Protein chains: 2
Amino acid sequence: MAKKKPSTKWRSGCPLNASVEILGDRWSLLIIRDMVLRGFRSYKEFLESYEGIATNILADRLQKLMAHGIISSQPDPLDGRKLIYSLTAKGIDLAPVLTEMVLWAAAHEETENPGLVRQIKMDKKQFLAAARRRWTESVRNDRRMLEVTKEDERVSRENRAGDIKSLV
Amino acid sequence: MAKKKPSTKWRSGCPLNASVEILGDRWSLLIIRDMVLRGFRSYKEFLESYEGIATNILADRLQKLMAHGIISSQPDPLDGRKLIYSLTAKGIDLAPVLTEMVLWAAAHEETENPGLVRQIKMDKKQFLAAARRRWTESVRNDRRMLEVTKEDERVSRENRAGDIKSLV
DNA sequence: TCATTTTACTTGCAAAATGCAAGTTAAAAA
DNA sequence: TTTTTAACTTGCATTTTGCAAGTAAAATGA
């Protein structure tokens, strides 16, 4: 499932340190946020998000998140130029980290999006359950789409075979 | 209470972005961890922690954490070379962020300190309550120590005054 | 009391990460 | 079949990080 294990050689064995080494930069968690909370799935969407990430940094972060097994990618069957990025189970498990960081900043800094904050405060568990449900749905949906695509390919292969036969 | 407001000019108003701009580096949260979980309070202790932070980076991070009102510092009344760093309320409020990051890494990476992880998993609320209790205690204790020191100074001032009088 | 040690830094410099602008390539749309 | 679009890559300047070596003030030891 995971793409590749990064050379698990942490500065220390402390679990917090592992988190910080993987996620401790100014962009990774924002990409995760866009996926968990806003359902973003493509390079273009991430690029056009609020904070304005640079193209090379985005490409680098997507690669690293994949290397850490937090996201995965597949070609879009409907548009060959696109890659569809998905959260893995490891990725959606970051939702509680996100929500706590949102609550902390909302409590101590001047921030926007009071609707989001209110929702989390009102019922954190339900908020997380909803996020996970959306994720489960999208995984199911991707699988379905993949099957349809495979079927399409099978049919088109048969058609080509038919064409060739008709040429003989 | 807070030292100074940093020029609140975020890349975006999203609360998660604020958190990431303040805490999104490879060291800040480790310093907070050392304070919340291990009770560290001096430059030297932070310096000797597991991950081996460089002296200049540590000085820089301590300054930034102070500028953000996450920690504060006071001279050690028992040793004039030392500064005692303390978590502010804003600082101790980061405990839930820490615990979620610990749980995430423990679930998905090879890490050590299973005792800590077991404790958090067993009863997260109680774990956080204990961390906060330790913090409240240390705040109370600091205040007490400060008063004792002030009394000492008053006495020593009187003694000096007495000495001067005795010289006249 | 006077040299030594300790604490909390600073400074200088090399290496790595970040950010911006300008390509590039393959696929889709007009 | 020309033009757009999506997802990058490249080059280069700026910033951040990390290491090693100071420094100043206070405490400690002889």
Side-chain angles (χ1 to χ4, degrees), chain A residues 6-7 9-12 17 20-31 34-35 40-68 71-86 149 152-153 156, chain B residues 6-7 9-12 17 20-31 34-35 40-68 71-86 149 152-153 156:
Chain A
S7 63
K9 212 67 211 143
W10 309 116
R11 294 178 298 194
S12 85
N17 178 61
V20 162
E21 286 199 54
I22 295 170
L23 305 164
D25 71 270
R26 298 166 80 70
W27 295 107
S28 298
L29 282 172
L30 294 179
I31 295 171
D34 283 344
M35 298 185 84
F40 283 8
R41 309 196 61 182
S42 71
Y43 187 93
K44 190 174 184 264
E45 286 175 304
F46 300 134
L47 207 60
E48 289 170 353
S49 191
Y50 308 128
E51 291 85 6
I53 190 171
T55 57
N56 53 346
I57 306 294
L58 175 56
D60 178 76
R61 287 312 116 89
L62 289 171
Q63 243 192 67
K64 281 181 179 161
L65 289 172
M66 287 208 286
H68 284 296
I71 64 174
S72 63
S73 71
Q74 59 184 108
D76 187 337
L78 303 175
D79 185 339
R81 295 167 303 179
K82 283 193 182 172
L83 271 185
I84 299 177
Y85 292 96
S86 313
T149 308
D152 283 357
E153 278 166 5
S156 113
Chain B
S7 63
K9 211 66 208 146
W10 309 117
R11 295 178 298 194
S12 84
N17 178 62
V20 162
E21 287 199 52
I22 296 170
L23 305 166
D25 72 89
R26 298 165 78 72
W27 294 107
S28 298
L29 283 172
L30 294 179
I31 295 172
D34 283 344
M35 298 184 84
F40 283 9
R41 309 196 60 182
S42 72
Y43 187 91
K44 189 174 184 264
E45 287 175 303
F46 299 134
L47 207 60
E48 290 171 352
S49 191
Y50 308 129
E51 291 84 6
I53 189 171
T55 58
N56 55 343
I57 306 294
L58 175 56
D60 179 77
R61 287 313 116 89
L62 288 171
Q63 241 192 69
K64 281 181 180 162
L65 289 173
M66 287 208 285
H68 284 295
I71 65 175
S72 64
S73 71
Q74 61 185 105
D76 186 337
L78 303 175
D79 185 338
R81 295 168 301 179
K82 285 193 183 172
L83 271 186
I84 299 177
Y85 292 97
S86 313
T149 308
D152 283 357
E153 278 165 6
S156 113

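Remember, predicted model here, so these are calculated numbers, not experimental data.
Per the geometry, CE belonging to B:Met66 stands 12 Å off P belonging to C:dA8, to the nearest Å. Counting to the nearest Å, the P atom of D:dT17 and the CD atom of B:Glu51 are 16 Å from each other. Look at CZ on A:Phe40: it is 17 Å from C1' on D:dA7, rounded to the nearest Å. When rounded to the nearest whole Å, the span between CG of B:Asp25 and C1' of C:dA16 equals 15 Å. The distance between atom CG of B:Leu83 and atom P of C:dA8, rounded to the nearest whole Å, is 7 Å. Separating the CD1 atom of B:Ile31 from the C1' atom of C:dC9 is a distance of 14 Å, rounded to the nearest angstrom. Atom CG in A:Asp76 sits roughly 19 Å away from atom P in C:dA26 (whole-Å rounding). Note: CD1 (A:Ile84) to P (C:dA27) measures 16 Å, nearest angstrom.
Listed here is the closest heavy atom pair of B:Glu21 and A:Arg26: O-NH1, 3.1 Å.
A salt bridge is defined here as a Lys NZ or Arg NE, NH1 or NH2 lying under 4.0 Å from an Asp or Glu carboxylate O, and A:Glu48 with A:Lys44 meets this definition. Checked for salt-bridge contact, A:Asp25 and A:Lys64 miss the test: no charged N lies under 4.0 Å from a carboxylate O.
Here the side chain of B:Tyr85 is nearest to one of D:dT5, C:dC9, C:dG19, namely C:dC9. Minimum atom distance to the side chain of A:Ser42 is reached by D:dA7, of the listed D:dA7, D:dA25, C:dC9. Comparing C:dT10, D:dT17, D:dA7 by their closest approach to the side chain of A:Lys82 singles out D:dA7. Closest contact between the side chain of B:Tyr43 and the listed nucleotides D:dT4, D:dA27, C:dC9 involves C:dC9. Checking C:dT7, C:dA28, D:dA6 against every side-chain atom of B:Lys44, the shortest atom distance belongs to C:dT7.
The phosphate of C:dG19 has OP1 or OP2 within less than 4.0 Å of a side-chain N or O from A:Trp27.
Taking every heavy atom of residues 55-64 of chain A and every atom of DNA chain C, pairs under 4.0 Å involve A:Thr55, A:Asn56, A:Ile57, A:Arg61, by number.
Expressed to the nearest 0.5 Å, how far CG of A:Asp76 lies from CD of A:Gln74 amounts to 8.0 Å. To the nearest 0.5 Å, atom CZ of residue B:Arg61 and atom CH2 of residue B:Trp27 are 9.5 Å apart.
Looking at A:Tyr43, its side chain does come within 3.5 Å of a backbone N or O of A:Thr55 through a donor-acceptor pair. Between the B:Asp34 side chain and the B:Phe40 main chain, no donor and acceptor come within less than 3.5 Å of each other.
Nearer the 5' end of DNA chain C, as judged by each residue's closest nucleotide, is the contact made by B:Glu48, out of B:Arg11 and B:Glu48.
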